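Sending over a structure as structure tokens; questions will come in a sec.
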Amino acid sequence: MKRILVTGGAGFIGSHLCKKLLEEGNYVICLDNFFTGSMDNIADLLSNKNFELITHDIINEYYIDVEQVYNLACPASPPHYQYNAIKTIKTSILGVTNMLGLAKRCKARILQASTSEVYGDPKVHPQTEDYWGNVNPIGVRSCYDEGKRCAETLMMDYHRQNNVDIRIVRIFNTYGPHMAENDGRVVSNFIIQALKNEDITIYGDGSQTRSFCYVSDLVEAMVRMMNSSNNFIGPVNLGNPSERTILDFAKLIIKLTNSNSKIIYKPLPSDDPVQRKPDITLAKKELNWEPLVDIENGLLSTIKYFENRLSLKSVEKV
Ligand code: NAD
Ligand code: UDP
């Protein structure tokens with residue numbers, strides 16, 4: 001049994017990760033400030049004697065003894081990370097520094113949840129880890145993109161200078177149950193709009209592409225990366241290379257939900273990447289990993305989750 005700290009553990013990905021780590025017999029400390037996380041996401045873990053919840057903001061120092069740290073604390077959806085941009089960049093810089101200090105003090109291995117956003121609006125397609133990216137340093141997405149880039153720098157410098165045991169994963173668009181209803185990302189927006197038969201809002205002309213990975217596949221890869229016995233520290237891309245346009249994605253959601261929704265077009269937010277697809281050759285080689293859940297099955301279980309959430313809400317209203 002390992003003592004493992006998961007920051008951002010009450011969020012979408014973090015809650016699935018906490019559950020998996022508990023199932024594998026570990027003692028899990030979930031630390032979260034509940035900015036975008038929720039108690040509902042971890043409700044079924046609270047009664048587990050090997051689960052501990054700490055309400056804390058990683059911008060402030062925290063002292064605990066653990067063997068592993070998964071650092072996921074950071075809002076991930078554009079509306080949420082732009083809501084308080086200065087706070088977002090502090091979370092990636094001060095917060096990551098605090099978690100690296102913690103890992104250094106107790107000689108823990110630390111895994112940083114980095115992102116495909118480090119590639120910005122990529123000029124190399126599909127994206128490989130050796131590509132340095134095309135990021136606007138002064139735009140509305142910069143608080144997140146540059147924060148995450150600096151977090152990778154901090155990870156590498158603590159590793160080179162202080163021998164901290166690190167792992168860096170670059171996560172591409174991931175979806176599944178426990179995404180917040182007000183998250184604002186495309187998967188939850190389209191599913192909720194379709195279930196309510198409301199207009200589906202495509203930003204731009206819908207020709208931009210994304211590649212969507214189901215959360216169980218991602219979490220499996222994160223745990224493999226954390227526990228890899230070789231000296232492979234990353235960065236490694238984790239995502240599903242199956243790429244599609246946002247317009248095709250909207251049509252797929254309408255089909256899977258049997259919805260009457262119509263597609264409408266809204267302005268494209270600035271610096272919205274035109275295309276994104278991970279090259280996962282490195283993850284296949286080093287982690288013997290590739291995604292297993294196809295988009296239709298992953299979406300059906302996500303749709304079911306949101307159907308339950310919406311029907312619970314309507315019962316609450318009665
Ligand atoms: P999420 O918003 O659901 O989860 C983030 C969690 O971190 C929330 O529980 C939130 O309350 C918590 N948090 C935020 N700031 C904090 C702070 N200062 N101190 C303590 N807790 C804080 O997002 P997610 O999709 O689960 O993303 C988790 C991590 O994975 C993030 O670091 C994100 O950047 C990264 N990531 C996610 C995706 C994706 O597609 N979901 C893609 C790339 C990277
Ligand atoms: N998008 C959209 N409609 C929405 C939400 C998002 O067309 O209601 C688009 C968005 O402009 C982007 C893509 O869908 O091109 C993915 O957006 P998301 O916010 O999920 O993640 P990103 O990959 O941009 O961080």
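For ligands, and for the atoms within them, numbers begin at 1 and follow the listed sequence. Predicted model, so just to flag it, every value in this text is computed and none were measured.
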Original post:
Atoms of ligand 1 less than 4.0 Å from F34 heavy atoms?
Top reply: 11 (O)
Original post:
Hey, is Q208 touching ligand 2 through its side chain, its backbone, both or neither, going by heavy atoms under 4.0 Å?
Top reply: side chain
**OP:** Run the numbers for me: atoms of ligand 1, each under 4.0 Å from some heavy atom of G37, listed by number.
**Re:** 8 (C), 9 (O), 10 (C), 11 (O)
Subject >> N162 side chain vs K104 backbone, donor-acceptor pair below 3.5 Å >> reply: no
**OP:** Find out if a path of hydrophobic residues (ILVMFWY) with successive side-chain heavy-atom gaps under 4.5 Å connects L22 to L218.
**Re:** yes
Original post:
In Å and rounded to the nearest 0.5 Å, what is the CG to CD1 distance from D32 to I58?
Top reply: 9.5 Å
Subject >> Heavy atom of S114, distance to ligand 1 below 4.0 Å >> reply: yes
**OP:** Enumerate the atoms of ligand 2 whose separation from the nearest heavy atom of I202 is less than 4.0 angstrom.
**Re:** 7 (O)
Original post:
Is there a heavy atom in Y144 that sits closer than 4.0 Å to ligand 1?
Top reply: yes
Original post:
Should one rank R185, M179, H16 by closest heavy-atom distance to atom 25 (O) of ligand 1, which comes out on top?
Top reply: R185
Original post:
Looking only at protein heavy atoms, which one is nearest to atom 20 (O) of ligand 2, and how far off is it?
Top reply: V186 N, 2.8 Å
**OP:** Could you check atom 22 (C) of ligand 1 against the protein and tell me its nearest heavy-atom contact, residue, atom and distance included?
**Re:** N33 OD1, 3.0 Å
**OP:** Consider only side-chain heavy atoms of I, L, V, M, F, W and Y, link residues closer than 4.5 Å, and tell whether I264 and L247 are in one cluster.
**Re:** no
Original post:
Any idea which protein heavy atom is nearest atom 3 (N) of ligand 2, and the distance to it?
Top reply: T201 O, 2.6 Å
**OP:** Look at the side-chain heavy atoms of Ile, Leu, Val, Met, Phe, Trp and Tyr, link any pair under 4.5 Å apart, and say whether I110 and M156 land in one connected group.
**Re:** yes
Original post:
For atom 40 (O) of ligand 1, which protein heavy atom lies nearest, and how many Å away is it?
Top reply: T174 N, 2.8 Å
**OP:** Within a distance under 4.0 Å of any heavy atom of N189, pick out the atoms of ligand 2 and give their elements.
**Re:** 4 (C), 5 (C), 8 (O)
Original post:
Considering only protein heavy atoms, which is closest to atom 3 (O) of ligand 1, and at what distance to one decimal place?
Top reply: F12 N, 2.9 Å
Subject >> Element-labelled atoms of ligand 1 that are located less than 4.0 Å from some non-hydrogen atom of F35 >> reply: 11 (O)
Original post:
For atom 13 (C) of ligand 2, which protein heavy atom lies nearest, and how many Å away is it?
Top reply: I246 CD1, 3.7 Å
Original post:
Is there at least one pair of N or O atoms, one from R185 and one from ligand 2, spaced under 3.5 Å apart?
Top reply: no
Subject >> Any side-chain heavy-atom pair of P278 and S211 under 4.5 Å >> reply: yes
Subject >> V236 and its side-chain contact (heavy atoms from CB on, under 4.5 Å) partner, picked from K285, R224, R170, E129 >> reply: E129
**OP:** Starting at CE of M155, measure out to CZ of R167 and round the result to the nearest 0.5 Å.
**Re:** 9.5 Å
Original post:
What residue and atom, counting heavy atoms only, is the protein's closest point to atom 37 (C) of ligand 1, and at what distance?
Top reply: I13 CD1, 3.7 Å
Original post:
Which of the numbered atoms in ligand 1 are below 4.0 angstrom from a heavy atom of G11?
Top reply: 3 (O), 4 (O), 8 (C), 9 (O)
**OP:** Go through E152 and K148 one step at a time and tell me if the salt bridge (Lys or Arg N to Asp or Glu O under 4.0 Å) criterion holds.
**Re:** CA-CA 6 Å; E152 288 198 9; K148 289 284 188 178; over 6 Å; no
Original post:
Which ligand 2 atoms are under 4.0 Å away from a heavy-atom of N173?
Top reply: 21 (O), 22 (P), 23 (O)
**OP:** Give the single entry among I58, V187, D183 that approaches atom 19 (N) of ligand 1 most closely by any heavy atom.
**Re:** I58
Subject >> Value rounded to 0.5 Å, distance of CD1 in I168 from OG in S114 >> reply: 7.0 Å
Original post:
Any link between V219 and V187 through a network of hydrophobic side chains (Ile, Leu, Val, Met, Phe, Trp, Tyr) touching at under 4.5 Å?
Top reply: yes
Original post:
H56 near ligand 1, heavy-atom distance under 4.0 Å?
Top reply: yes
Subject >> Nearest-contact summary for atom 2 (O) of ligand 1 - protein heavy atom, Å >> reply: T36 OG1, 2.6 Å
Subject >> ring-ring contact (aromatic ring centres under 6.0 Å, His included), paired with Y214, selected from Y305, Y175, F172 >> reply: Y175
Subject >> Atoms of ligand 1 close to N173 [distance to a heavy atom under 4.0 angstrom, numbered from 1] >> reply: 40 (O)
**OP:** For atom 1 (N) of ligand 2, find the nearest protein heavy atom and state the residue, atom name and distance (0.1 Å precision).
**Re:** Y203 CD1, 3.4 Å
Subject >> Distance, nearest 0.5 Å, that separates OG1 of T36 from OH of Y81 >> reply: 13.0 Å
Original post:
For ligand 1, which atoms, with element, lie under 4.0 Å from some heavy atom of A76?
Top reply: 2 (O), 23 (O), 24 (P), 25 (O), 27 (O), 33 (C)
Subject >> atom 28 (C) of ligand 1: the protein heavy-atom neighbour that sits closest, reported with distance to 0.1 Å >> reply: L72 O, 3.7 Å
Subject >> Donor-acceptor pair, side chain of R3 and main chain of D65, under 3.5 angstrom >> reply: yes
**OP:** Quick one: look up the protein heavy atom nearest atom 11 (O) of ligand 1 and list residue, atom name and how far away it is.
**Re:** D32 OD1, 2.6 Å
**OP:** Answer yes or no: are there more than 12 heavy-atom neighbours, outside Y83 itself, under 6.0 Å from its atom OH?
**Re:** no
Subject >> Residue part near ligand 2, for D272, under 4.0 Å between non-hydrogen atoms >> reply: side chain
Subject >> Atoms of ligand 2, numbered as shown, that sit under 4.0 Å from any heavy atom of E117 >> reply: 25 (O)
Quiz: residues 196-204 side-chain donor-acceptor pairs under 3.5 angstrom, not counting sequence neighbours:
unit_1: N197; atom_1: OD1; unit_2: S259; atom_2: OG; d: 3.2
unit_1: N197; atom_1: OD1; unit_2: N260; atom_2: N; d: 2.9
unit_1: T201; atom_1: OG1; unit_2: Q193; atom_2: NE2; d: 2.9

Original post:
Given N84, T7, D57, N98, which one has a non-hydrogen atom that is nearest to atom 18 (N) of ligand 1?
Top reply: D57
Original post:
Tell me: protein heavy atom nearest atom 38 (C) of ligand 1, and distance?
Top reply: I171 CG2, 3.8 Å
Original post:
Near K148, which atoms of ligand 1 are under 4.0 Å from a heavy atom of that residue?
Top reply: 31 (C), 32 (O), 33 (C), 34 (O)
Original post:
Can M222 be reached from I4 by stepping across I, L, V, M, F, W or Y side chains whose heavy atoms are under 4.5 Å apart?
Top reply: yes
Subject >> Rounded distance (nearest 0.5 Å) linking atom CG of L287 with atom CG of L282 >> reply: 7.5 Å
**OP:** May I ask you to check if ligand 2 and L268 share an N or O to N or O distance below 3.5 Å?
**Re:** no
Original post:
Under 4.5 Å between any side-chain heavy atoms of K277 and T209, yes or no?
Top reply: no
**OP:** Measure R276 to ligand 2 on non-hydrogen atoms and call it side chain, backbone, both or neither using the 4.0 Å cut-off.
**Re:** side chain
Original post:
Where the closest heavy atom to atom 5 (C) of ligand 1 is concerned, which of P75, G14, C74 has it?
Top reply: C74
Original post:
Which of the atoms of ligand 2 are close to R141, meaning less than 4.0 Å from one of its heavy atoms?
Top reply: 22 (P), 24 (O), 25 (O)
Original post:
Atoms of ligand 1 less than 4.0 Å from G8 heavy atoms?
Top reply: 6 (C), 7 (O), 9 (O), 12 (C)
Original post:
Heavy-atom contact under 4.0 Å between A10 and ligand 1?
Top reply: yes
Subject >> Rounded distance [0.5 Å steps], NZ in K20 versus CG in N26 >> reply: 10.5 Å
